[in-house]
Colleague: 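Sending over a structure as structure tokens; questions will come in a sec.
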Amino acid sequence: MSVVGVDLGALNTVIAVARNRGVDVITNEVSNRATPSMVAFGTKNRYLGEPAKTQEISNLKNTVGMLKRLAGRRFGEPELNIESQFISAELVEARGGEVGARVKYLGQDETFTGTQLIAMFLSKVKQTASAELKLPVSDIVLSVPPWFTDAQRRSIMDAAEIAGLKLLRLMNDTTATALGYGITKLDLPPQEEKPRRVCFIDIGHSNYTASIVAFKKGELTVLSTAYDRHFGGRDFDKALIDHFGIEFKEKNKIDIHANPKAYFRLAAGVEKLKKILSANAQAPLNIESIMNDVDVSSMLKREDLEELVKPLLDRCTIPLEQALKDANLTIEDIDAIELVGGCTRVPSLKERISAFFNKPLSFTLNQDEAVARGCAFACAILSPVFKVRDFTIHDIVSYPIEFTWEQSPEIPDEDTSLTVFGKNNAVPSTKILTFYRKEPFDLEAKYAEPEKLPGKISPWIGRFSIKGVKPDPKDDFMICKLKARVNLHGVLNVESGYYVEEVEVEEDVMDTDGNPTDKPKEKVKKQVKKGELPVISATASLDQDMKNILNEREQELVTQDKLVADTEDRKNALEEYIYETRGKIDDLYASFASEDEKSKIRRIMDEAEEWLYNDGDDATKSVYIAKIEELRSNVGPVAQRYFDSEEEKRQAERQKRDE
Ligand code: ATP
Ligand code: K
Ligand code: MG
């Protein structure tokens, strides 16, 4: 069994595995430590991860990035207008009202939901991990932004299931980072001392999160989490693209906004420029043939960049103020400020954050890999096959959760709503709700403050129907108990229901130390569990049948992709064999073939090559295999003579040595 942690980033995904020696980040098929979080569709197969990035410019309309930003989104939500600026494929309404992408795949128009697209990418993550580990991969911990709602989390959970993964925990990005910090720092204060308070700041490609976490030996407690959902490297890139767009319109008379490929080339150019400006005072931008055969070149100073992103920089301390406020702390209470995420390399951001805390910043974690490492540690803690020092994680809910229900006609003064999990309530957490009812009833759960949710996402969490409720034998109310739980993934369920009866029992009277006294026994009322109440849940999760269908579909697509890859592989092998054999005829095999044989083999190779570039360009895997065999059988006798002679030589040499 393998233990895998994955940082599913908007731009890059990092995969870490726990091994006996510790946690390692693994490399993908082209030896990169991060994989582009991107999927694309072609005429024969899909492109997942690196190949998607490679073909991006030639297939923009069928390439989908920013996958995690689509999770749990319904088409029409205003936030998607922002996302669509960063996604080259067309976003449309997909199954069940979910947002999806319309692409051309295998020559047909297809719409895939956000959840499906994420599943495709996770299925690639699974392949990458199992190729590296040489083990099947199933158990996994995945990171999500702390601001993800129930629906967004359920979308990622469904995607993991469709990809055939067993998700042990969805973990908030900064909590994962904090876990990696806590497990590796050996000097945390003991239980009886004041905790160490660390502010973790993660600024990535799309969002900015700040969490204040209190550490003691073997334990971390998230005190607060604040965020800016639209603050990251892509916003810097966008500001630069707009700036150069205007410049090139004036200087070069071209409109890069009207040409998707030009836009893409500029986007790639400015990202490079931005990174150079993190280490240099100025940097050039040169793009050959950006469009209409026009070359563009320009220059930018670091101050100019800072001016362009000033509105962004000006709001970079808001999440920090919010995090301190929610934790009820001041800057003096913070012992260390740890930065992770690619965008925290921007000098002006570092300066402003350091000035805010009036303290130097720490970079003791790997900026690009801390989240994935933390997830791998979390997976190791949860996995039964792995022994690690336990580390207790107390996380918090990001938005208060409220239950509502219909009033019972017989209890006119009953409230009809209750905030069951307040903001900063611990996660995971279970609460028992009590209802007095004579009939089955429904509960609805939703977020209590919809205005705080990301971009007008629906506050609805779920509807829970409580069955089997009837009057008790005395025609009185049944006392119904419901177990509501925000689980390790940060999603809410009504996990079970039961009913109780009040009985009177006699109990010893206790003294102040809790020991029984000789006083006469007291009568007390106790609730005794009498039976189960079935709960039928409707949440944002896909139903199990649909997940099974999509899982089968995904397996078919993986098989299809593999067949295309194997076919390509056999085709390349055939081409290579033709070239190699031609070379050998004039070289290694030259003295083992008659002139007739040589010209026959040359002719066969020429014919095979001709076939390969025409009729055989798009053949099946078995045809390529058969073709190589056919060629081999023709070259066989000559090759055999060569091998025999080599073998004779070897024997002779051995004999010589032995003498
Ligand atoms: P998110 O956390 O929003 O989901 P992510 O995890 O994929 O996104 P990261 O990998 O943390 O994002 O960061 C990527 C961003 O960091 C990109 O915008 C990239 O251009 C930027 N970045 C990387 N190195 C530098 C640098 N040296 N200077 C400025 N920006 C950088
Ligand atoms: K990342
Ligand atoms: Mg990130």
Side-chain angles (χ1 to χ4, degrees), residues 5-16 25 32-38 49 53 65-71 79 82-83 85-87 118 121 125 142-148 152 156 170-178 180 200-211 225 227-241 266-281 283 300 302 305-306 308-309 312-313 316 319 338-351 353 363 365-375 454:
V6 175
D7 169 11
L8 179 62
L11 188 69
N12 295 311
T13 290
V14 180
I15 310 171
V25 164
N32 286 337
R33 295 172 76 84
T35 298
S37 311
M38 188 174 268
K53 184 81 206 160
M66 302 292 154
L67 297 170
K68 78 168 183 193
R69 307 282 299 193
L70 299 178
E79 193 111 324
I82 301 177
E83 297 311 320
Q85 296 174 12
F86 300 101
I87 299 175
I118 295 166
F121 182 72
V125 165
L142 268 171
S143 72
V144 290
W147 50 264
F148 260 29
Q152 290 173 299
I156 303 272
L170 267 191
M171 200 163 192
N172 291 333
D173 291 331
T174 36
T175 309
T177 303
F200 293 94
I201 300 173
D202 181 347
I203 313 178
H205 191 55
S206 64
N207 66 202
Y208 174 158
T209 311
S211 283
T225 300
Y227 27 79
D228 187 331
R229 290 177 292 103
H230 297 287
F231 190 120
R234 66 179 192 175
D235 300 297
F236 283 68
D237 298 347
K238 183 89 181 24
L240 287 170
I241 292 169
L266 181 56
V270 301
E271 202 206 351
K272 238 179 257 156
L273 173 86
K274 173 187 73 175
K275 288 183 181 169
I276 299 172
L277 285 178
S278 289
N280 298 274
L300 203 76
R302 192 190 282 174
L305 168 64
E306 286 165 11
L308 289 171
V309 296
L312 217 52
L313 293 177
C316 80
E338 287 283 347
L339 266 55
V340 299
C343 203
T344 55
R345 294 194 176 88
V346 173
S348 50
L349 273 174
K350 288 194 272 195
E351 281 155 24
I353 293 169
F363 293 88
L365 300 165
N366 183 314
Q367 272 172 283
D368 302 310
E369 300 175 352
V371 175
R373 285 175 187 278
C375 289

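Numbering of ligands and ligand atoms starts at 1, following listing order. Remember, it's a predicted structure, so these values are computed and weren't measured experimentally.
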Colleague: What residues form a side chain to side chain donor-acceptor pair (under 3.5 Å) with Thr344, not counting sequence neighbours?
Modeller: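 So Thr344 forms a side chain to side chain donor-acceptor pair (under 3.5 Å) with Gln367.
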Colleague: With respect to atom 25 (C) of ligand 1, which of Glu369, Lys274, Lys275 exhibits the smallest heavy-atom separation?
Modeller: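 Residue with the shortest heavy-atom distance to the ligand atom: Lys275.
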Colleague: With distance as the sole test, does Asn366 use its side chain to make a donor-acceptor pair with the main-chain N or O of Asp368 at under 3.5 Å?
Modeller: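 Yes: the side chain of Asn366 pairs with the backbone of Asp368.
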Colleague: Does Asn12 reach ligand 1, in the sense of a heavy atom lying below 4.0 Å from it?
Modeller: yes
Colleague: Identify the two heavy atoms, one from Ile118 and one from Leu67, that lie closest to each other, and give their separation to 0.1 Å.
Modeller: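 Taking every non-hydrogen atom into account, CD1-O, 3.6 Å.
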Colleague: Please confirm whether Ser206 comes within less than 3.5 Å of ligand 1 when only nitrogen or oxygen atoms on both sides are compared.
Modeller: yes
Colleague: Give me the ring orientation class for Phe236 and Phe231: parallel if the planes are under 30° apart, tilted from 30 to 60°, perpendicular past 60°.
Modeller: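 If you compare the ring of Phe236 with that of Phe231, the planes turn out perpendicular.
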Colleague: Geometry only, no angles: is Gly9 polar-contacting ligand 1 at N/O separations under 3.5 Å?
Modeller: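 No; every N/O pair is 3.5 Å or more apart.
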Colleague: Flag Val346 as yes when one of its N or O atoms lies below 3.5 Å from any N or O atom of ligand 1, and as no otherwise.
Modeller: no
Colleague: Test of understanding: given a 4.0 Å heavy-atom threshold, classify the contact between Ser278 and ligand 1 as side chain, backbone, both, or neither.
Modeller: side chain
Colleague: Below 4.0 Å from ligand 1: does a non-hydrogen atom of Gly232 turn up there or not?
Modeller: no
Colleague: Pairs of nitrogen or oxygen atoms closer than 3.5 Å, one from Gly342 and one from ligand 1: do any exist?
Modeller: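 Min N/O separation from ligand 1 is below 3.5 Å for Gly342.
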Colleague: Residues two or more places apart in sequence or in another chain: which of them pass side chain to side chain contact (heavy atoms under 4.5 Å, CB included) with Glu271?
Modeller: Leu11, Asp237, Lys274, Lys275
Colleague: Show your working on salt bridge (Lys or Arg N to Asp or Glu O under 4.0 Å) between Glu83 and Arg234 and close with a plain yes or no.
Modeller: CA-CA 11 Å; Glu83 297 311 320; Arg234 66 179 192 175; 2.9 Å; yes
Colleague: Do Thr209 and Asp202 meet the criterion of a side-chain donor-acceptor pair at a distance under 3.5 Å?
Modeller: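 Not at all, the side chains of Thr209 and Asp202 share no donor-acceptor pair under 3.5 Å.
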Colleague: What atoms in ligand 1 come closer than 4.0 Å to a heavy atom of Lys68?
Modeller: 1 (P), 4 (O)
Colleague: Based purely on interatomic distance, does Asn207 place a nitrogen or oxygen under 3.5 Å from a nitrogen or oxygen of ligand 1?
Modeller: yes
Colleague: Check whether any side-chain heavy atom of Tyr208 sits under 4.5 Å from a side-chain heavy atom of Ile201, and report yes or no.
Modeller: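 When only atoms from C-beta onward are counted, Ile201 and Tyr208 do touch, with a gap below 4.5 Å.
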Colleague: If you measure from atom 19 (C) of ligand 1 to every heavy atom of Arg229, His205, Glu271, which option wins on shortest distance?
Modeller: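 Nearest option to atom 19 (C) of ligand 1, by heavy atoms: Glu271.
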Colleague: Under a 4.0 angstrom heavy-atom cut-off, which atoms of ligand 1 come close to Gly341?
Modeller: 11 (O)
Colleague: Do side-chain atoms of Ser37 reach the backbone of Gly9 as a donor and acceptor pair under 3.5 angstrom?
Modeller: yes
Colleague: Mind checking whether Asp202 has an N or O less than 3.5 Å away from an N or O of ligand 1?
Modeller: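 In fact, backbone or side chain, Asp202 has no N or O that close.
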